[in-house]
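Okay, so here's the structure we're looking at.
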Number of protein chains: 2
Amino acid sequence: MQNTAAPPPKVEGQSRYAWLAGMLRARITEGDWVPGASIPAETTLAKEHGVALGTMRQAIALLVTQGLLERQHGRGTFVRAGIGGATMLRFFRFRAGKDLSASPTSEILRSRSVKASAAVATTLGLQAGEEVLELLRLRSLQGEPCLLETIQLPLPLFAPLVGSDTSQWGDLLYPLFQQRCGVTVNRAEDVLRFGQLTKEQGRRLGLPAEHPCVQVERRAFDLSGRCVERRITLGDAHAFQYTLNIH
Amino acid sequence: MQNTAAPPPKVEGQSRYAWLAGMLRARITEGDWVPGASIPAETTLAKEHGVALGTMRQAIALLVTQGLLERQHGRGTFVRAGIGGATMLRFFRFRAGKDLSASPTSEILRSRSVKASAAVATTLGLQAGEEVLELLRLRSLQGEPCLLETIQLPLPLFAPLVGSDTSQWGDLLYPLFQQRCGVTVNRAEDVLRFGQLTKEQGRRLGLPAEHPCVQVERRAFDLSGRCVERRITLGDAHAFQYTLNIH
DNA sequence: CAGTGGTCTAGACCACCGC
DNA sequence: CGGTGGTCTAGACCACTGG
C-alpha cells in the first residue's frame, strides 16, 4: 500500500463512497486492472484510501450494480470480462434437435470498410462520412441458419480487424474485440421491433421473402460508456420468445 | 415498542437480516401494514427486534430490491402500492396524435364465470375445473382500439367483481383489484411471442384477419407470491417496440 | 491454513422533509 | 425544529475458497 493517509473527497456534492467508486472506475477504464482479473482486497483498498471498510464496501457495491465488478465470496472481487456472447439467443427459441444449450456458430459473409451513414455515425459518435468496418454475419445452430446480422464498428478503434482472416474469428465477437482491439463490451441497449425479410435476407436464412421477422437493433458500450458497436440482428418471428419480469 | 430484548434468528442456515426481512414481509402480506402507508422508523424497528441499526437497514434494503418497500429520504419507508397500470404500453408505440403520455381507456366487452381450462388452472394454482372470472377487455387510445385482452382471475378471490357494473371500473384494473378485492399486484411475468390475429380479434382491433400481432402472456403475483391473474394481450405487431438494457 | 468477502455491532453525524 | 433515512466509523466474528 502506498498511503495510509486520509484523503476524503475534499470538496464535492457527492458522498464519499460515490467518489471512491469513481476512483475505482477510473482504474478499471484506464486499464490499471484488466477484465477478468481480481482487484485488491476490500481491507487493502480501505486502508489505501484511508477510509472505513464499510465505506469501501459501499463503493464496490455501487460498481457491482453497474456491472463493472463482480464479487465472489471467499475468492475476491473481479473486473467483469464483459457481457456474454450468446445473448441474442435470449430472444429466440429455435428448436434445433433437443439441445437447448447449444451455442450458435458464426460465419462472416462479408467484411468491408464503408463510409458511415449519418444515422450510423451519430450512434457511434463519429463525424458524418468517417469510415466504419461493416460486417455481414450469419449465425447457425447445428448447421441451420437462424440469425442474420449487420454490424458496424468505428474504424480507428477496430482497425486490427480490417482485412484479417474472418475464418479464424471464432463464434463470439466480444472476446475477439477484447483480444484484438482491447475493447471490452460492458453494456448494451437492444431495441426490438417486428418487420419482414427482404428476398435477399430470406435467402440467407432459408426463409421466403416477406417472411415476418424480429429485428433487434443493438448499441453496445465499452467500460467508459463509449458506443463501440451498432448491430442489426434479424430472426424468424415465429421463433421469437422473450420473458421479462416487472416490478 | 414491545420488547427491546434480543431475539436473533435462533436457528437457521440464513443470515439475521434475511430472517428479519421475512418478519417484515409477513407483517406486510398479513395486512399489518397496508400498501401506501409507512412502516415504523428504522431505529424503532431495530430496537424492537433487538438488533443493530445497520442490520435492520440490510433487511429493509432486501425488501426494497424485491419491490415490497420503498424508501424516501426524510419521509419514511413505505409499503409499495403495487405496479403501475399502463405497463402494457411499454411494448408498443401507437402514434395516436402527438400525445405520447396519453393513458389508454378501457372497455370490458364481456365478463363471465367459466370453468378453468387445465392450463389456466395450473398457472393460477387452482384445481382443474374450478371456476374463474374471465374478462374480454379492449383498450383504446383516443378512441382508437389498440390492445385486446383476455383475462382470467381465480374466483373465490375475485368474487366481488362478478356481476358488478363494468362501466364503473375505470381504466386501470390493478387499483380496482386492490379496492374491491384487497389484492395487491406486486410483480408480474410477461412472455412475448409473435402470432396472427383471428378474424374475430382483427374485427375488434380494426385490423384484417391474419394480421401479424404480438402476444403478451402475463402472470401477475400478489405480495405473498401467489398468482392472481393470467392475461393474454394482443396488439398490432407493427406498433411493437421494446427497449431493454443488458449487463 | 491464510485470505477473501459476508455479516453484525454500537455508536456518530449529515441531509432531507414537513410542520 | 424534530423525525426520517443516508453516510460513516472502527472494530468483531463468521463463511467460503484455495492451496
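All heavy atoms count here, side chains included; hydrogens, waters and symmetry mates do not. All values reported here derive from a predicted model rather than from experimental measurement. Letters A, B, ... are given to chains in the order of the sequence lines, protein chains preceding strands, and every chain is numbered from 1.
The closest side-chain donor-acceptor pair between Arg137(A) and Ser106(A) falls under 3.5 angstrom. With hydrogens and angles left out, the side-chain atoms of Trp169(A) and Ser164(A) include a donor and acceptor closer than 3.5 Å. Residues Gln66(A) and Arg25(A) bring a donor and an acceptor atom of their side chains to less than 3.5 Å of each other. With hydrogens and angles left out, the side-chain atoms of Thr184(A) and Arg80(A) include no donor and acceptor closer than 3.5 Å.
Atom CG in Leu53(A) sits about 15 Å away from atom P in dC13(D), given to the nearest Å. Atom CZ in Arg71(A) sits roughly 16 Å away from atom P in dC16(D) (whole-Å rounding). Taking atom CG of residue Leu20(B) and atom P of nucleotide dT7(C), one finds them 13 Å apart after rounding to whole Å. Taking atom NE2 of His49(A) as the reference point, atom C1' of dA10(D) lies 19 Å away to the nearest angstrom. With rounding to whole Å, Leu69(B) atom CG is found 11 Å from dG5(D) atom P. Following rounding to the nearest Å, Leu45(A) (CG) and dC8(D) (P) show an atom-to-atom distance of 16 Å. In this structure, Gln14(A) atom CD and dA15(C) atom P are separated by 14 Å, rounded to whole Å. When the P atom of dC17(C) is taken as reference, atom CZ of Phe78(B) falls 12 Å away, rounded to whole Å.
Across all their heavy atoms, Leu157(A) and Pro160(A) have their closest contact at O-CD, 3.7 Å.
A 4.5 Å side-chain heavy-atom check between Met56(B) and Leu20(B) finds at least one atom pair inside the cut-off. Looking only at side-chain heavy atoms (C-beta outward), Asn186(A) and Ile83(A) stay at 4.5 Å or farther from each other. Inter-residue side-chain proximity for Arg16(B) and Gln58(B) is flagged as unmet; no heavy-atom pair is nearer than 4.5 Å.
Not one side-chain nitrogen or oxygen of Tyr17(B) sits closer than 4.0 Å to the OP1 or OP2 atom of dC8(C). OP1 or OP2 of dT9(C) lies within a sub-4.0 Å distance of a side-chain N or O belonging to Arg16(B).
Within the 6.0 Å centre-distance limit, the rings of Phe177(A) and Phe158(A) are counted as a close aromatic pair.
Within a heavy-atom distance below 4.0 Å of DNA chain D, the residues of residues 55-65 of chain B found are Arg57(B).
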Every protein N/O within reach of nucleotides 2-4 of chain D N/O, cut-off under 3.5 Å:
| residue | atom | partner | partner atom | Å |
| --- | --- | --- | --- | --- |
| dG3(D) | N2 | Gly74(B) | O | 2.9 |

